[in-house]
Amino acid sequence: MPPGWLIGYYSSWSSDQEWLISGCSPIERPPLAHDPGRVRCLAGWEGIYVYVDTVKLNYLVRRNWLVPIEGTFPALRDYAVRYYTHGPMLWLGTLSAALQAKTIGAFFTPILPRGLKLTTAQDVWDADLDAGCLRVDLVEYEAPNLIVSRHPATIKMLRERWPSATVLDGDVSVDQVRGKVVAGTLPPQLVTEVSSYRPVWVDKYDASTDGDIEDAGRITIGHPVRVSRVSLH
């Protein structure tokens with residue numbers, strides 16, 4: 001079974017939707033950000049596994065061994081170490097870190113409000129973040145029909161490779177990318193809408209010191225993937 005898939009299991013026979021998730025008591029429900037009764041039960045290799053919409057990150061870390069994905073930002077990595085709990089192993093990280101680390105399978109990712117600054121493990125704990133679960137799968141190669149980026153050097157390189165693709169270099173809506181084959185940089189809420197995604201990033205980028213990177217040697221194009229929400233729908 002791929003690491004990070006096991007969240008727990010749902011007692012489907014119970015009239016009041018009893019939960020047994022990573023050490024919960026039979027009548028304890030995990031603090032979901034939305035409706036706690038919304039679950040999805042799937043047959044797995046060794047039983048029935050539950051995929052929920054969103055859950056409190058602090059709840060997860062108190063009951064599971066959260067393993068940071070390579071490249072996860074320092075505060076979240078330190079949080080996973082500081083609040084380590086012996087339990088089922090789950091991968092934790094941002095989508096960008098997961099894509100750059102070539103993670104395949106499911107992992108938990110914090111939902112970060114715009115403008116939130118997290119510099120320490122305590123900051124992450126105090127923020128009481130919600131977390132969702134995403135899944136990355138490799139897909140067959142298709143030539144992108146959309147290039148999405150605000151970075152001129154990236155756009156130039158991608159246009160040379162896929163000259164027939166349309167370029168979007170400003171704000172992008174769900175309707176513009178839904179079902180498209182996209183190369184570039186998209187936020188998580190848009191990545192899950194595309195049919196195929198070629199992530200692009202600048203190696204060892206530091207926003208505090210790097211401006212507009214012109215060195216194409218630092219720009220990496222990832223393998224084509226599909227990113228989906230592991231949820232109740």
Side-chain angles (χ1 to χ4, degrees), residues 2-7 22-23 30-31 33 52 54-136 148-151 153-154 184-192 197-215 217-223 225 227 229-230:
W5 279 36
L6 175 60
I7 300 173
S22 303
V52 296
T54 57
V55 65
K56 287 296 183 182
L57 182 60
N58 288 347
Y59 181 91
L60 281 179
V61 80
R62 290 197 302 265
R63 290 162 174 79
N64 301 277
W65 174 25
L66 300 187
V67 179
I69 293 171
E70 181 183 356
T72 296
F73 65 91
L76 187 60
R77 183 183 64 236
D78 294 346
Y79 167 87
V81 173
R82 177 174 177 178
Y83 296 102
Y84 164 81
T85 300
H86 180 70
M89 189 188 82
L90 304 174
W91 292 108
L92 174 69
T94 60
L95 176 59
S96 60
L99 294 174
Q100 292 181 40
K102 299 179 175 61
T103 299
I104 301 299
F107 63 97
F108 279 92
T109 184
I111 299 172
L112 302 173
R114 184 181 296 273
L116 179 66
K117 294 184 178 180
L118 302 170
T119 57
T120 68
Q122 189 66 50
D123 289 342
V124 177
W125 177 272
D126 292 343
D128 193 26
L129 298 170
D130 295 327
C133 191
L134 297 176
R135 175 185 168 90
V136 179
V148 180
S149 179
R150 297 175 183 267
H151 182 220
T154 296
T185 305
L186 288 173
Q189 68 271 20
L190 295 184
V191 170
T192 56
Y197 181 50
R198 296 293 299 269
V200 179
W201 63 88
V202 177
D203 293 330
K204 299 180 180 178
Y205 183 79
D206 185 344
S208 64
T209 58
D210 287 327
D212 184 20
I213 303 298
E214 298 292 341
D215 181 6
R218 290 182 60 189
I219 300 174
T220 299
I221 304 174
H223 295 295
V225 297
V227 180
R229 296 184 184 92
V230 179

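- Under the side-chain contact (heavy atoms from CB on, under 4.5 Å) criterion, Asp128 pairs with Lys56, Asn58, sequence neighbours left out.
- Every residue was checked against the side-chain hydrogen bond (donor to acceptor under 3.5 Å, both in side chains) condition with Thr103, not counting sequence neighbours, and none meets it.
- Atom CG of Leu90 sits about 4.0 Å away from atom CG of Asn64, to the nearest 0.5 Å.
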Under 3.5 Å, sequence neighbours excluded: what are the donor-acceptor pairs made by side chains of residues 104-118?
residue	atom	partner	partner atom	Å
Thr109	OG1	Gly93	O	2.9

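- At a threshold of 4.5 Å between non-hydrogen side-chain atoms, the residues Tyr84 and Leu66 do not count as touching.
- The OG1 atom of Thr72 sits 9.5 Å away from atom CH2 of Trp91, with the distance rounded to the nearest 0.5 Å.
- Contacts of Thr120 classified as side-chain contact (heavy atoms from CB on, under 4.5 Å), with partners at least two apart in sequence or in another chain: Gln122, Asp123.
- In this view, Glu70 and Ala101 satisfy the side-chain contact (heavy atoms from CB on, under 4.5 Å) rule, not counting sequence neighbours.
- Stacking of Arg77 on the aromatic ring of Phe73 is not recorded, the 6.0 Å distance cut-off and the 45° axial limit not both being met.
- Heavy atoms of other residues, nucleotides or ligands lying less than 6.0 angstrom from CH2 of Trp125 number more than 12.
- Nearest heavy-atom pair across Tyr79 and Val61 is OH-CG1, 3.2 Å.
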N/O donor-acceptor pairs under 3.5 Å from side chains in residues 184-192, not counting sequence neighbours:
residue	atom	partner	partner atom	Å
Thr185	OG1	Val200	O	3.2
Thr192	OG1	Arg229	NH1	3.3
Thr192	OG1	Arg229	NH2	3.2

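- Between His151 and Ile219, some side-chain heavy-atom pair lies under the 4.5 Å cut-off.
- The OG1 atom of Thr85 sits 9.0 Å away from atom CZ of Arg62, with the distance rounded to the nearest 0.5 Å.
- Looking only at side-chain heavy atoms (C-beta outward), Ile69 and Leu92 stay at 4.5 Å or farther from each other.
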